Amino acid sequence: MLHARSGLLTSLRARLWVMPPVLIGIAVLSWGIRSGRIVLPSPGVEQQHAIELQFDTEDADLCDQFGFAPGTSRHVGCKRDLLAMRHRDQEMQTPINF
């Protein structure tokens, strides 16, 4: 029993030495991202255009389902309102740095 317990403690000690360097690495990375020293890659222009095109298609489909005929002022207004909702949602998801 004592031998098994000793082996378990040795195994735990062997694994615990990794924790301080990992925690320090996470802290430095977090600090770098928050301070702006590390910039995460943003989507490329082509990818951003593809996303906007997909949103436009989805919004047009929703407005069609709401009964607004394509090309009418109500359909255009519906798409404009959905786009505004997407922008507000995106603003709410953007973290505020103090």
Side-chain angles (χ1 to χ4, degrees):
M1 178 81 168
L2 184 61
H3 180 65
R5 193 170 187 186
S6 174
L8 178 64
L9 289 175
T10 304
S11 176
L12 285 174
R13 284 188 191 128
R15 290 187 178 105
L16 286 179
W17 73 268
V18 175
M19 291 304 292
V22 169
L23 292 175
I24 291 170
I26 290 171
V28 168
L29 183 62
S30 176
W31 171 81
I33 291 171
R34 286 176 181 237
S35 67
R37 297 180 196 283
I38 299 174
V39 179
L40 298 176
S42 60
V45 174
E46 298 87 16
Q47 184 180 5
Q48 186 65 33
H49 180 69
I51 291 170
E52 290 172 1
L53 184 61
Q54 181 179 350
F55 285 163
D56 186 58
T57 303
E58 290 174 2
D59 291 350
D61 290 344
L62 275 172
C63 293
D64 291 347
Q65 290 176 8
F66 292 150
F68 303 126
T72 63
S73 62
R74 293 189 81 181
H75 193 270
V76 172
C78 173
K79 286 178 59 175
R80 185 183 59 237
D81 292 344
L82 288 172
L83 181 62
M85 288 173 56
R86 286 184 192 273
H87 285 292
R88 280 193 305 270
D89 182 57
Q90 185 176 14
E91 288 174 2
M92 290 174 57
Q93 292 180 13
T94 303
I96 298 173
N97 295 324
F98 293 103

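Because the structure is predicted, anything quoted here is derived from the model rather than measured. Residues take their numbers from the sequence shown, with the count starting at 1.
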request  = Applying side chain to side chain contact (heavy atoms under 4.5 Å, CB included) between Phe55 and each of Leu53, Ile51, Thr57, report the one that passes.
outcome  = Ile51

request  = To the nearest 0.5 Å, tell me how far Asp81 CG sits from Phe66 CZ.
outcome  = 10.5 Å

inquiry  = So, taking the atom named CD in Glu52 and the one named CG in Leu83, what distance separates them when rounded to the nearest 0.5 Å?
reply    = 8.5 Å

query = In chain order, what residues pass the side-chain contact (heavy atoms from CB on, under 4.5 Å) check against Leu29, with sequence neighbours excluded?
reply = Ile33, Ile38

task = Report the residues that fulfil side-chain hydrogen bond (donor to acceptor under 3.5 Å, both in side chains) with Asp61, sequence neighbours left out, ordered by chain and then residue number.
result = none

request  = Applying salt bridge (charged side-chain N to carboxylate O under 4.0 Å, His left out), name anything that partners Glu58, two or more places apart in sequence or on another chain.
outcome  = Arg86

Of all pairs that satisfy salt bridge (charged side-chain N to carboxylate O under 4.0 Å, His left out), the ones with a partner from residues 67-80, not counting sequence neighbours = Asp56-Lys79

ask   = Using links of under 4.5 Å between side-chain heavy atoms of ILVMFWY residues, direct or through other members, which residues join Val28 in one cluster?
value = Ile24

